[in-house]
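Written out below as structure tokens is the structure these notes cover.
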Amino acid sequence: MSYWLFKSEPSVFSIADLAASRGRRTHWDGVRNYQVRNFMRERMRVSDRAFFYPSSCAEPGIVGIVSIVKGAYPDPTQFDPDDPHFDPRSTRENPRWYMVDVALERQLARPITLAELKRYAGKELKGMALLRRGNRLSITPVSEAEWSFILSLERR
DNA sequence: GCCAACGTTGGC
DNA sequence: GCCAACGTTGGC
């Protein structure tokens, strides 16, 4: 069982959108980065859990927990010429991009902001992928120690 | 295969 | 809106 962090711009898809989705569940489509694709295909498994992290917004941070409910399968938006994520190099026989399905487990009692996480960047969260300089990956791995430490902040 | 130009991400 | 970081593209 692995842990992850999923970024999403709230103007595109917020945790409220996820909460309002049928079955509180969605397809995590639109990933167009090879490293992230490989995470999904090679390491992500059903019942893995992930933090939901709004990015590019007033207060980036962790606001909820999702679980993986379906493992990697081809992202149909790569085949749709009318979709902004269309990729002409992809074929149905040889898809290039994958997605997983996630379901909302719960929202946190309070947001744990990026600013707060950064306070532990030199200690408990040293080396956390999210906090590494220049990190732009939309999905990053979270270690078990990072996961439980971050959750311990929730009720503080 | 190199590398400059370009586009995107994402915090501030 | 700015800018640093960094992945991708394409000419050579």
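Reminder, nothing fancy here: chain letters follow the sequence lines and each chain counts from 1. Computed from a predicted structure; not experimentally measured.
- For A:R41 and A:Y98, the positive end sits near the middle of the six-membered ring, less than 6.0 Å away and at most 45° from its axis.
- A donor and an acceptor atom, one from each side chain of A:D101 and A:W28, are nowhere located under 3.5 Å apart.
- Between the P atom of B:dT9 and the CG atom of A:L137 lies a distance of 12 Å, rounded to the nearest Å.
- Annotation: cation-pi pair A:K118/A:Y120 absent, no NZ/CZ under 6.0 Å from the ring centroid and within 45° of its normal.
- The separation between A:R132 atom CZ and B:dG10 atom P is 15 Å, rounded to whole Å.
- In this entry the distance linking CG of A:N33 with P of B:dG7 reads 18 Å, nearest Å.
- Going from atom CG of A:D87 over to atom P of B:dT8 covers 14 Å, rounded to whole Å.
- Aromatic ring centres of A:W4 and A:F51: separated by at least 6.0 Å.
- Screening A:R32, A:H27, A:H85 against A:T77 for a side-chain hydrogen bond (donor to acceptor under 3.5 Å, both in side chains) leaves a single residue, A:R32.
- Rounded to an integer number of Å, the gap from CG of A:N135 to P of B:dG11 is 9 Å.
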Pairs under 3.5 Å (N/O, protein and nucleotides 1-6 of chain B):
none

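- For A:K118, counting side-chain heavy atoms from C-beta on, the closest listed nucleotide (B:dG10, B:dT8, B:dC12) is B:dC12.
- With respect to the salt-bridge test (charged N to carboxylate O, under 4.0 angstrom), the residues A:E105 and A:R25 do not qualify.
- Salt bridge status for A:E116 with A:R110: present, with a side-chain N to carboxylate O gap under 4.0 Å.
- Distance, A:R37 CZ to C:dT8 P: 10 Å, rounded to whole Å.
- Phosphate contact (OP1/OP2 of B:dT8, side-chain N/O of A:K7, threshold under 4.0 Å): absent.
- Taking atom NE2 of A:H85 as the reference point, atom C1' of B:dT9 lies 13 Å away to the nearest angstrom.
- OP1 or OP2 of C:dT9 lies within a sub-4.0 Å distance of a side-chain N or O belonging to A:R89.
- In this structure, A:L117 atom CG and B:dG11 atom P are separated by 11 Å, rounded to whole Å.
- Residue A:Y34 has its side chain nearest to C:dT8 when only B:dG10, B:dC12, C:dT8 are considered.
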